[in-house]
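For reference, the structure discussed in these notes is given below.
Protein chains get the first letters and strands the later ones, always in sequence-line order, with residue 1 at the start of each.
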Number of protein chains: 2
Amino acid sequence: MEKYEKFGTKEKILDVALESFSTSGFDATSLDAIAKSLGIRKQTILYHFTTKKGLLNAVVERAAENLITSIEEVLSSELKGWERIEALAKMIFRLALREPLLLGLLREVSRPGSVGSERLKILMTPLMDRATLWMQTEMGAGRMRRTDPRLVILSAYSTVVGLATEIEVLRAAGIEQALRPVAIRRRELMRFLRVSLDPDYSQSR
Amino acid sequence: MEKYEKFGTKEKILDVALESFSTSGFDATSLDAIAKSLGIRKQTILYHFTTKKGLLNAVVERAAENLITSIEEVLSSELKGWERIEALAKMIFRLALREPLLLGLLREVSRPGSVGSERLKILMTPLMDRATLWMQTEMGAGRMRRTDPRLVILSAYSTVVGLATEIEVLRAAGIEQALRPVAIRRRELMRFLRVSLDPDYSQSR
DNA sequence: ATTATTATTTACCAATTGGTAAGTTAAACT
DNA sequence: AGTTTAACTTACCAATTGGTAAATAATAAT
């Protein structure tokens with residue numbers, strides 16, 4: 001058991017940090033600000049995470065767990081070929097709508113030079129490798145059209161990250177109900193995936 | 001005439017600032033760093049732009065001029081309806097490829113909370129209004145399918161901003177030649193615009 | 001009850017940062 | 001030549017920031 005923990009301070013810190021990192025960005029977030037909004041001292045944060053970078057990594061890691069769990073869920077299903085991809089895409093969009101902060105974090109951390117990008121890469125590469133491998137066997141079995149798996153995956157990835165921008169831009173323009181544009185985006189992604197992957201899909205152009 | 005100006009210091013500052021803002025972000029860019037990389041003192045920057053925010057605004061403004069000039073060029077053509085839109089989209093993608101820093105800046109400044117977002121909005125609303133108006137008359141004349149112009153424009157806008165992410169992600173993954181994904185993106189955007197706007201286009205789905 | 005461990009705080013600090021104020025240099029105007 | 005003005009620098013500063021060290025409180029283990 002976890003000894004005692006007063007009352008989940010660590011989790012609370014992660015919550016506030018996620019919020020701030022994903023909306024204001026890493027640099028614009030100060031430990032003091034996080035601490036203040038929690039009614040604790042900055043040193044408490046450093047006690048739990050030693051450095052600011054450590055805090056970001058922890059935030060990223062928790063978010064990634066969140067994501068990976070959802071992915072595993074889909075992967076454990078019996079779906080094959082195209083249908084499996086479709087299920088994955090749907091899941092991602094559902095998750096993105098339910099927890100928009102994840103998107104913001106992803107965008108923040110996706111910038112190559114950014115502080116969290118290394119950790120993100122470490123967390124993502126296994127997923128990427130696995131997906132690539134699977135796609136290759138599917139292609140081998142003729143259940144999937146032949147293309148460069150990496151390109152497809154990364155393109156899909158950046159579509160999802162782009163969602164963050166889109167939702168924010170729409171909100172800034174006073175369009176609160178961002179559901180329709182998101183649905184459009186999803187349909188676009190589906191179509192893109194279908195065109196590049198589904199062998200039973202006539203590429204009419 | 002402009003008195004003398006030693007040797008375009010102001011422009012050089014803007015160049016370096018654009019580079020840094022668009023790749024590292026506003027917060028991660030220090031005036032000292034910019035100054036150092038130019039071999040001048042920080043106070044010279046402040047002499048020309050008074051505040052850091054002022055510098056960002058100047059960078060944004062110059063970028064916007066750049067963009068607006070290109071837009072005017074297309075708008076002065078004789079193209080009507082769908083063809084005009086197509087020309088605009090092509091121009092934007094050409095510009096984005098030629099000057100990728102513009103994209104980075106746009107993404108940096110598109111975040112609602114960000115320092116430059118107000119200025120961006122000020123610069124963009126006239127364009128937006130003009131585009132909306134034009135689209136409405138086109139719709140009235142039956143040369144364009146009826147939809148919400150704002151939604152279409154913003155969707156196109158975020159597609160372009162999303163390009164920044166995509167190019168960066170691909171580069172981070174070691175894919176230098178990002179031309180193909182960009183081409184795909186452009187085709188997608190065209191298709192989206194066509195489906196929502198071109199009345200002569202059969203919406204086969 | 002005492003001790004060990006975990007959690008949190010108070011007290012500091014060195015570095016960085018944006019910005020002010022007051023020179024200094026050099027060209028332009030008279 | 002002398003004055004004005006634009007361009008740039010040196011000298012500072014106050015605030016913020018991430019981080020260290022040591023003290024204190026709270027809980028668990030003996």
Side-chain angles (χ1 to χ4, degrees), chain A residues 1-60 62 108-109 113-119, chain B residues 1-60 62 108-109 113-119:
Chain A
M1 54 228 95
E2 289 278 317
K3 300 272 170 177
Y4 66 110
E5 41 176 306
K6 207 110 199 189
F7 201 57
T9 313
K10 212 167 170 176
E11 285 298 313
K12 280 191 202 163
I13 295 173
L14 286 174
D15 289 340
V16 176
L18 170 62
E19 166 99 39
S20 187
F21 286 156
S22 79
T23 56
S24 310
F26 180 75
D27 291 304
T29 299
S30 82
L31 296 181
D32 276 311
I34 296 177
K36 198 174 181 185
S37 91
L38 279 170
I40 62 176
R41 253 33 67 191
K42 161 178 56 174
Q43 282 69 16
T44 307
I45 301 177
L46 289 170
Y47 167 74
H48 285 290
F49 304 98
T50 52
T51 68
K52 190 185 178 186
K53 187 176 175 177
L55 173 59
L56 176 63
N57 282 340
V59 170
V60 170
R62 198 183 58 163
E108 172 71 14
V109 141
S114 79
V115 186
S117 61
E118 317 138 38
R119 193 46 140 265
Chain B
M1 53 224 99
E2 291 276 318
K3 299 272 170 179
Y4 64 110
E5 40 177 308
K6 207 112 195 182
F7 202 56
T9 314
K10 211 168 172 179
E11 285 299 312
K12 280 192 202 160
I13 294 173
L14 285 174
D15 289 341
V16 176
L18 169 63
E19 166 99 40
S20 186
F21 286 155
S22 80
T23 56
S24 311
F26 180 76
D27 291 305
T29 299
S30 82
L31 295 181
D32 277 311
I34 297 178
K36 197 173 179 184
S37 91
L38 279 170
I40 61 175
R41 253 36 65 191
K42 160 177 56 170
Q43 282 67 17
T44 307
I45 301 177
L46 289 170
Y47 166 74
H48 285 290
F49 303 98
T50 54
T51 69
K52 191 185 179 187
K53 189 176 174 179
L55 173 59
L56 175 63
N57 282 339
V59 170
V60 171
R62 199 182 59 164
E108 171 71 12
V109 140
S114 79
V115 186
S117 60
E118 318 138 38
R119 193 46 141 262

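- Applying the salt bridge (charged side-chain N to carboxylate O under 4.0 Å, His left out) test to R62(B) and every residue at least two apart in sequence or in another chain returns E11(B), D15(B).
- Within residues 29-38 of chain A, the residues approached by DNA chain D to less than 4.0 Å at the level of any non-hydrogen atom are T29(A), S30(A), L31(A), in residue-number order.
- Within the model, atoms NZ of K52(B) and CG of L31(B) stand 6.0 Å from one another, a figure rounded to the nearest 0.5 Å.
- Checked against side chain to side chain donor-acceptor pair (under 3.5 Å), S20(A) has the following partners two or more places apart in sequence or in another chain: T29(A).
- Spacing between atom CD of E11(A) and atom C1' of dA7(C) amounts to 16 Å, rounded to whole angstrom units.
- Rounded to whole Å, atom C1' of dT25(C) lies 16 Å from atom CD1 of I40(B).
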Donor-acceptor pairs are to be reported for all side-chain atoms of residues 37-50 of chain B against protein atoms at under 3.5 Å, with residues two or more places apart or in another chain.
residue: S37(B); atom: OG; partner: I34(B); partner atom: O; Å: 3.2
residue: T44(B); atom: OG1; partner: R41(B); partner atom: O; Å: 3.3

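- The phosphate of dA7(C) has neither OP1 nor OP2 within less than 4.0 Å of any side-chain N or O from T9(A).
- Under the salt bridge (charged side-chain N to carboxylate O under 4.0 Å, His left out) criterion, K36(A) pairs with no residue, sequence neighbours left out.
- Seen from the ring of F26(B), K53(B) does not count as a face-on cation partner, given the 6.0 Å and 45° thresholds.
- Taking every heavy atom of residues 41-53 of chain B and every atom of DNA chain C, pairs under 4.0 Å involve K42(B), Q43(B), L46(B), T51(B), K52(B), by number.
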- Does the side chain to side chain contact (heavy atoms under 4.5 Å, CB included) test come out yes or no for F21(A) and L55(A), once each step is laid out? CA-CA 10 Å; F21(A) 286 156; L55(A) 173 59; 4.2 Å; yes

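- Shortest non-hydrogen contact noted between E19(B) and T23(B) is O-OG1, 2.7 Å.
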